[in-house]
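Quick note on labels: first sequence line is chain A, next is B, and so on, each numbered from 1.
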Amino acid sequence: MIFELNKLLKSKKVSAKELAKKYIEAIKREDRRLNSYVYLSEEFALKCAEVVDSKLRNGEDISILEGLPFTLKDNISTEGLPTSCCSKILRGYVPIYDAFVWKILKNENSVLLGKTNMDEFAMGSTCETSCFGGAKNPHNVNYVAGGSSGGVASAVAAGLAVYGLGSDTGGSIRQPASFCGTVGLKPTYGAVSRYGLVAFASSLDQIGPITTTVEDASLVFDEISLRDEQDCTCLGAKEKTFSHIKDNISGIKIGVAKEFLNLADEDVKKSVSLVINAYEKMGAEVEYISLPSCEYALMVYYIVACAEASSNLGRYDGIRYGSRVSSYTNFHDMICKTRSEGFGKEVKRRILLGTYVLSCGYYDAYYKKAHMVRSKIINEFNDAFKCFDVILTPTTPTTAFECGYSAKDPVSNYKADICTVPVNIAGLPAVSVPCGFDCKGLPIGFQIIGQKFHESKILNVANKFEEYTNACYVKKVTGGYPYDI
Amino acid sequence: MTREELEDIALLCKLNISEDEMNDILSDMEDIISFANKISAVDVKDCGFKVEDGLQNIYRKDEVVASFPQDYILKNAKTVQDGFFYLKNGESGGGERLDI
Amino acid sequence: MIYELVVGLETHVELSTKSKIFCGCTTAFKGEPNTHCCPICIGLPGTMPRLNEGVVQYAVAAGLALNCKIAEFSKMDRKNYVYPDLPKAYQISQHDKPLCYEGHVLLSNGRKIGIERIHIEEDAGKLIHQGGATFIDYNRGGVPLIEIVSKPDFRDVEEVVEYLELLQLTMRYIEVSDCKMQEGSLRCDVNVSVMPKGSSKFGIRTEIKNMNSFNNIRKAVQYEMNRQIDILESGGAVTQQTMRYMADVGVTEPMRGKEDAHDYRYFKEPDLVNIYVSKEQVECIASKMPELFSSKLNRYVNEYRIPLEDARLLAEYKNVAKFFEDSVKCARSEQSYKNCANLILSVIFSKFNSEEEKEIFNISVSSEEMFKLLSLQEEKKISNNMAKKTLEKMLETGSKVFDIISEADLQGVSEDRLLEICNLALNENEKAAKDYASGKDRAIKSLIGFVMKQTKGRADAALAERILKDIIAERKF
């Protein structure tokens, strides 16, 4: 879609301002239902569009994302525009600097429509821990958009943004992308700068695009995957993916992770089997493989992510930014009250667990052990990649959850992340691609996992599926785009 | 996890746990911890974990760049005075810092 | 019972890199509050640290100067602790892999104080408590620190002070820190315990936090030692705790409340990468290091034959030592070294009113001019007295040696003329001549004085003395 819209702008069939206005109108019309946006930057968007239009009037060329309306998850820092992580504790916080990814897009005159809904501090898989209430699934508003980047996925699926950037710590891009029938790319750890992304778990977090097509994901990824000196864990992508997206995949080796497939619902299993058939027809060699250590990935994830989160979230003390309780006796009292009132239940639960596993006497048993198991998981993936080019799994064992539904115990909730979490643990790239609907009409997605910095390969494989099926599942359900292409 | 342990942990991460929440959180924590405890059974003999692995030596040159204007730095604070972040009331700082 | 004191030190030294440890803000002292800050300094959500290469280099230099081993691999860790001066609620420090380890410092009494480790970390902001309110300034937040941890090797409080003075001197020498205690760029925590003399089992220790003057350290350690001895003598046990020293009343007191109970929950900083320092890098840093104080001291005493106390004064400040060494670079005789030392210590030092001025050593005399002066003195073209007076004038006016000393001055006094004047001196001071002849050695001084006065100081006093003695012996007074 990005390619087509870029052509429309260049050929002056539509102005950037008109395009932006269409999207803003659509948001105002549709989003009461979906709750995908938590902040609308209308004025700012129109101003950006104006700049693009004047460039076009002057006969200047524009780059691929220039003038295209998009959205950012509310945990990506935007100077002058609120960035709340959908938490009460960051109410009123307006960053004084730009996240690296936003700086790139801003320089390209991308038209930021607003900030989208998410689970509080990206902790959740329903978007329902947001202090603004959860984003709904455009395919059926009685179902969640998924999480934590639920807002981005919901907005993109409903045509309320051309594309969006989310963040993925344990599946937070891929799972909502799958739930909403969109494409979600979680890049290799270190491919995209985290500078300005409000940290949840620093060794797992990664920013990536949610788009309607694989081609779009590739175009956006190529723009944002630059090396950034401000994030010394970021090396940038090793190549542009777009030029490989149409490469021939005949003879390519795909490993299907059977443990993950076995966990899935019948509808999901069926859909993914059809994907496998499709790849075989395209000449790929498909084999079933076992990744037994991935069973432990969830434990590693909850130990590492919560430990890092407990440290990253210590800074919300009400002094320099964010909300603060009005009555307190001393500093200690002020900060305890501010944090207890400012953080939601899930965030508090994870801070407590993270503090516990790092505390004196438990470090070796949990945190240190988790890192050893993490190595084991990484080794297992490395071994698998000796025989296979990519690994295929369902993105999630089920389709979207019903709103308000939550298992009695938190552990069952966490288990829904089983397919996505090992990818973050190993720092690998993975893309979720829509591949059908279940009996309730909710989208199903499958996931392609690649070796580190092999985004080209996974996007190539994913794109081939899209080409093969000529599928754009979004269209069928959400009533088309604000601007028909 | 005992109630006392939970209270100690809460103190460390500066969270108050009310009486209402206490039992709920305790049982959640027990669930999560017993789940996390399974990790102890994982065999990691040949996991190859080394703290030395990973990226290395990415530095910044020792060069001064302009700081931010004071009003930017203070912009998001609830209370400021004379260019300082400011915390009125109470015996704030009743303790003294111990660690540096 | 007789008790022995046991002390260990944790010393924080602020490094004098231009920029902070994790961002490009200046490390300058003072400045309007919160003006040396950026989003990283105040821990805004989403910010990330970038390690300053200079900090690693400075810390390695400090390690080498204190005879440490340099770790090939080290890493940064988070030390989690909530306090308003710590904007991220964790301090980025080093936990189990410090940059330097196993060093030592040699004290003048011959004892070796072990250095356990030196690690790098960030400083915290500053809190000002006033009238029930707290004012917070993060300018100091992120200024690089090294923490030098000694072994519990001190047995006397004067050893502690000497160690700290030596540390201060060394850090200034290698230019990694100005170590100004009054500005907080050198602060230390003192661990104190006592044990029965001769015992090898340490007692329970207390830690006195944040000491920032040598005098207070002396008093606090003395007080704490006596306090602990009193407890033990009355059959009690010392409680391991953190203390503060109340300088105004001269006592130590415990400083921890319940909310301060801490558990730092160290873990590796995921936002920074590992630190590898190769042997080549260490060698490169070592090769750029200036000669250290102790080595200079040895050289001054053994090579230049300067008395130890004078040598210490010359070597103490790098600028003084440099001026001294440059001035005598081309000198040939031991006498010149001594002359130079004397002139610096007596004439130049008397112009300074503080240690700081001495350290800065801003004078209007170049080492080249000083060398010319020393040469004249060595060749006996001018007397010691005249050298002093000339140097004084040079310092006052900024003039060069030959602007002050005229050709006529340099002519000196010929031996014939000197003989004439000596005879005159004896004729006019017959009593002094007789006194000397009768064994009053000191009487010769007034005769020499007469000669010097007549020649306006140009005569060679030693030669004059010899001639006078010869004539007295000849003429049989």
Side-chain angles (χ1 to χ4, degrees), chain B residues 1 4-17 36 39 48-100, chain C residues 12 17-19 23-26 32-39 41-42 50-56 73 75 79 81-86 91 97 121 123-124 127-129 132-138 145 209-210 242 244 255-265 268 273-276:
Chain B
M1 178 181 263
E4 286 69 38
E5 268 185 295
L6 183 58
E7 280 169 348
D8 284 350
I9 295 293
L11 190 66
L12 273 179
C13 57
K14 307 274 179 195
L15 289 172
N16 296 331
I17 298 176
I39 204 166
F49 173 74
K50 272 207 226 99
V51 70
E52 289 88 347
D53 288 347
L55 295 173
Q56 63 187 58
N57 294 357
I58 299 176
Y59 295 117
R60 184 175 65 74
K61 284 229 154 56
D62 182 22
E63 287 163 355
V64 175
V65 297
S67 292
F68 273 48
Q70 192 191 53
D71 55 328
Y72 270 61
I73 293 297
L74 300 175
K75 197 173 172 182
N76 279 288
K78 281 271 175 283
T79 46
V80 298
Q81 186 141 5
D82 305 328
F84 291 91
F85 291 93
Y86 177 69
L87 197 65
K88 54 180 184 257
N89 186 351
E91 313 86 335
S92 131
E96 227 159 279
R97 55 168 313 110
L98 300 175
D99 52 342
I100 291 187
Chain C
H12 286 99
T17 51
K18 297 197 245 347
S19 61
C23 68
C25 288
T26 176
E32 289 298 302
N34 298 302
T35 55
H36 301 164
C37 291
C38 70
C41 301
I42 58 167
R50 290 175 64 200
L51 183 56
N52 180 345
E53 187 168 22
V55 172
V56 176
F73 165 76
K75 65 181 172 80
K79 181 179 180 182
Y81 185 84
V82 178
Y83 205 67
D85 60 4
L86 204 56
Q91 180 194 22
K97 297 280 176 190
E121 60 185 25
D123 208 344
L127 303 186
I128 302 164
H129 303 293
T134 305
F135 295 77
I136 312 172
D137 173 12
Y138 291 107
L145 293 176
K209 280 278 176 186
N210 268 328
T242 307
R244 80 163 70 83
M255 59 187 279
R256 190 170 293 163
K258 188 176 179 240
E259 55 262 31
D260 297 315
H262 57 285
D263 176 342
Y264 293 130
R265 288 161 283 137
K268 186 178 170 186
V273 301
N274 292 331
I275 301 169
Y276 274 88

Rounding to 0.5 Å, atoms CD1 (Ile136(C)) and OH (Tyr86(B)) come to a distance of 11.5 Å

First locate atom OG1 of Thr134(C), then atom NZ of Lys88(B), and finally report the distance between them rounded to the nearest 0.5 Å.
12.5 Å

Residue part contacting chain C, namely of Val51(B), when any heavy atom lies under 4.5 Å:
both

Nearest atoms (heavy-atom pairs only) where Cys23(C) meets Arg60(B)
O-NH2, 2.8 Å

What distance do Ile58(B) atom CD1 and Ile275(C) atom CD1 have between them, rounded to the nearest 0.5 Å?
11.5 Å

Under 4.5 Å from any heavy atom of chain C - which part of Gln81(B)
both

So which of Thr17(C), Val55(C), Thr26(C), Val56(C) has the biggest tally of heavy-atom pairs under 4.5 Å with chain B?
Thr17(C)

Do you know which of Lys75(C), Arg265(C), Lys268(C) has the most heavy-atom pairs under 4.5 Å to chain B?
Arg265(C)

Given 3.5 Å as the limit, does a donor-acceptor pair link the side chain of Asn34(C) with the main chain of Gln70(B), or not?
no

Test side chain to side chain contact (heavy atoms under 4.5 Å, CB included) applied to Phe68(B) and Ile42(C), step by step:
CA-CA 11 Å; Phe68(B) 273 48; Ile42(C) 58 167; over 6 Å; no

Enter the distance from Glu52(B):CD to Phe73(C):CZ here, rounded to the nearest 0.5 Å.
4.5 Å

Give me the atom names and distance for the closest heavy-atom approach of Val273(C) to Asn57(B).
CG2-N, 3.6 Å

Check whether Asp62(B) reaches the backbone of Glu53(C) with its side chain - one donor and one acceptor, N or O, closer than 3.5 Å.
no

Side chain of Asp137(C), backbone of Phe84(B): donor and acceptor closer than 3.5 Å?
no

Rounded to the nearest 0.5 Å, what separates atom OG1 in Thr79(B) from atom CZ in Phe135(C)?
10.0 Å

Flag, side chain of Tyr72(B) to backbone of Pro39(C), donor-acceptor distance under 3.5 Å:
no

Does any backbone or side-chain atom of Asp53(B) lie under 4.5 Å from a heavy atom of chain C? Answer side chain, backbone, both or neither.
backbone

